[in-house]
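This report concerns only the one structure given below.
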2 protein chains.
Amino acid sequence: MTTNPLTTSPTARHQAGRRERKSDRTRRRILDAAADILSRKGFDGTRVAEIAEIAQLSVPNVYYYFDSREAILEEVVNIGDRLALDHVKAALAALPPEATAMDRICTAFAAHLDTVLKQSAYAAAAMRTMAQLPSDIRARQLHHQRESGEMWRGLIAAGVEAGEVDPDLDPRAARMFLLGAVNWAPEWWNPERGSIEDTVATVRRLVRNALTVPTSATRTGSPNESAM
Amino acid sequence: MTTNPLTTSPTARHQAGRRERKSDRTRRRILDAAADILSRKGFDGTRVAEIAEIAQLSVPNVYYYFDSREAILEEVVNIGDRLALDHVKAALAALPPEATAMDRICTAFAAHLDTVLKQSAYAAAAMRTMAQLPSDIRARQLHHQRESGEMWRGLIAAGVEAGEVDPDLDPRAARMFLLGAVNWAPEWWNPERGSIEDTVATVRRLVRNALTVPTSATRTGSPNESAM
DNA sequence: GTCTATAGGAAGATAGAC
DNA sequence: GTCTATCTTCCTATAGAC
């Protein structure tokens with residue numbers, strides 16, 4: 001979970017342990033810079049001149065490595081999507097077989113939060129700019145979104161089947177609300193106000209509470225008691 | 001809660017029930033268009049030409065009403081912030097005196113969600129572009145943010161004091177996670193996949209579950225069991 | 001109040017020398 | 001591979017007629 005997130009980049013020619021060529025490192029500096037800006041300023045706010053400045057090269061030099069501004073941003077988003085999914089899958093795979101469905105759900109959200117906060121500006125950028133992407137880029141990443149969607153859906157469904165998740169919750173809405181909670185974190189999280197570990201621990205507890213079947217004693221009336 | 005959100009706009013000359021002049025209506029069309037685009041495309045993605053197109057007037061005409069593009073967007077954000085806070089306060093004021101601290105918290109989040117989803121593109125725009133705003137605009141809205149911050153902090157604190165909110169949760173992180181969940185909703189919510197009322201009901205239940213002191217039976221180990 | 005025409009400048013992208 | 005110089009397009013904003 002602490003390995004270099006880009007050794008598995010779609011563009012990496014040589015995989016395992018092989019030392020990057022200078023060209024690859026420059027290309028990567030560009031992507032790193034773009035991911036950083038994209039996650040902070042959004043799609044239209046990400047300027048090639050600023051990417052070049054942070055990556056410490058000239059604007060034309062950026063175009064030596066990429067065909068267009070959009071091509072850079074599309075690759076950032078693709079890497080981010082993949083990274084987020086891979087980290088969640090890796091965290092799930094590391095769980096002992098006796099882990100409950102709820103353990104798996106909490107671990108998945110915790111891993112996703114860890115990714116967008118610490119592991120990868122790419123993932124943060126991908127999550128925070130989804131709606132802003134031009135339609136052609138969105139279309140090309142659709143199959144990828146579907147894969148993540150199915151994973152999250154499956155996790156929650158397993159929890160419901162096991163009787164560990166509150167069956168009165170709309171599974172889709174609950175899933176999206178919790179993903180939103182986590183995807184929004186880069187907006188407010190500040191290392192000076194609390195460590196990543198504490199924040200991740202909070203989200204674990206919050207998710208577990210939120211999804212667990214409540215004891216009737218603590219509830220007042222039906223879920224729809226007052227519509228607003 | 002269904003009154004026109006802009007009769008209380010900072011720029012409205014005549015308040016209560018007085019009919020708007022044509023000039024005010026045009027001004028408002030511009031703001032409406034800007035709010036819509038801003039909430040979808042972010043600060044840098046909002047173009048004056050597109051505002052003009054949606055508001056059905058020419059670009060120079062927009063500049064007859066506003067000094068600059070930034071002036072439009074700043075007013076949208078200010079209105080949005082105010083609207084969101086006012087709607088939450090109104091919902092809280094409408095609660096019966098016997099409402100518990102947890103009732104108040106759920107009602108507040110429900111009202112906020114209702115605002116960003118249904119009542120106001122202004123509120124959605126304000127919430128979703130906070131981090132993208134130029135620093136001068138951010139500075140001018142800071143006092144406003146503080147007022148909301150204090151309200152939310154107070155609601156949670158009251159819940160903890162009343163013994164209704166899980167004291168093991170970090171209050172700030174929990175508050176920000178739940179606000180994120182709600183602010184993120186415009187990204188995925190779709191009227192065809194579920195009504196606003198159902199979605200609001202889900203968030204009520206989710207928030208109540210998330211913050212309620214859990215029964216020890218449903219927990220496994222300490223909150224920090226596995227650090228990831 | 002609303003428009004057509006246009007100034008002025010920023011940003012994406014390319015040419016071509018080194 | 002990297003740069004300086006430049007082209008082109010798009011966008012903010014203004015001038016000035018109606």
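First the proteins, then the strands, lettered A, B, ... as listed; each starts at 1. In this text, all values refer to a predicted model and were calculated from it rather than measured experimentally.
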Can you check the A:I30 CD1 to D:dG1 C1' distance for me, whole Å?
-> 11 Å
Is A:R69 positioned over the aromatic face of A:F43, cation under 6.0 angstrom from the ring centre and no more than 45 degrees off axis?
-> yes
Who passes ring pair (Phe, Tyr, Trp, His ring centres under 6.0 Å) against B:W152, sequence neighbours left out?
-> B:F109, B:H112
Please tell me which of the listed nucleotides, C:dA13, C:dG1, D:dA5, lies nearest to the side chain of A:R69?
-> C:dA13
Any idea which of C:dG1, D:dC3, C:dT4 is nearest the B:Y65 side chain?
-> C:dG1
Is any side-chain N or O of A:N61 closer than 4.0 Å to OP1 or OP2 of D:dC3?
-> yes
Report the distance from atom OG1 of B:T199 to atom CG of B:L206, rounding to the nearest 0.5 Å.
-> 12.0 Å
Candidate nucleotides C:dT2, D:dG1, C:dC3, ranked by approach to the side chain of B:Y64 - the nearest = C:dT2
So, is B:S58 close to the C:dC3 phosphate, meaning a side-chain N or O under 4.0 Å from OP1 or OP2?
-> yes
When the distance from NZ of B:K41 to C1' of D:dC11 is rounded to whole Å, what number comes out?
-> 14 Å
Side chains of B:Y122 and B:D81: donor-acceptor distance under 3.5 Å anywhere?
-> no
Calculate the interatomic distance between A:I51 atom CD1 and C:dA10 atom P; express it in whole Å.
-> 19 Å
For the pair made of CD in A:Q56 and P in D:dG1, what is the distance, rounded to whole Å?
-> 18 Å
Counting side-chain heavy atoms from CB outward, which of C:dA13, D:dA13, C:dT4 is closest to B:P60?
-> C:dT4
Whole-Å distance, A:D24 CG to D:dG1 P, equals 9 Å
Could you check how far CZ of B:F66 sits from C1' of C:dG1, rounded to whole Å?
-> 15 Å
D:dC3, D:dT12, D:dT2: which one has an atom nearest the side-chain heavy atoms of B:R47?
-> D:dT12
OP1 or OP2 of C:dG1 less than 4.0 angstrom from a side-chain nitrogen or oxygen of B:T26, does that happen here?
-> no
Stepwise, does the side-chain contact (heavy atoms from CB on, under 4.5 Å) test hold for A:D32 with A:I54?
-> CA-CA 9 Å; A:D32 284 350; A:I54 295 187; over 6 Å; no
B:K22 NZ - C:dG1 P separation (whole Å) = 8 Å
With respect to the phosphate group of C:dT14, does any side-chain polar atom (N or O) of A:Y63 fall under 4.0 Å of OP1 or OP2?
-> no
Nearest to side-chain heavy atoms of B:L57, which nucleotide of C:dT14, D:dA13, C:dC3 = C:dC3
Value in whole Å for how far the P atom of D:dT12 lies from CG of A:D44 = 11 Å
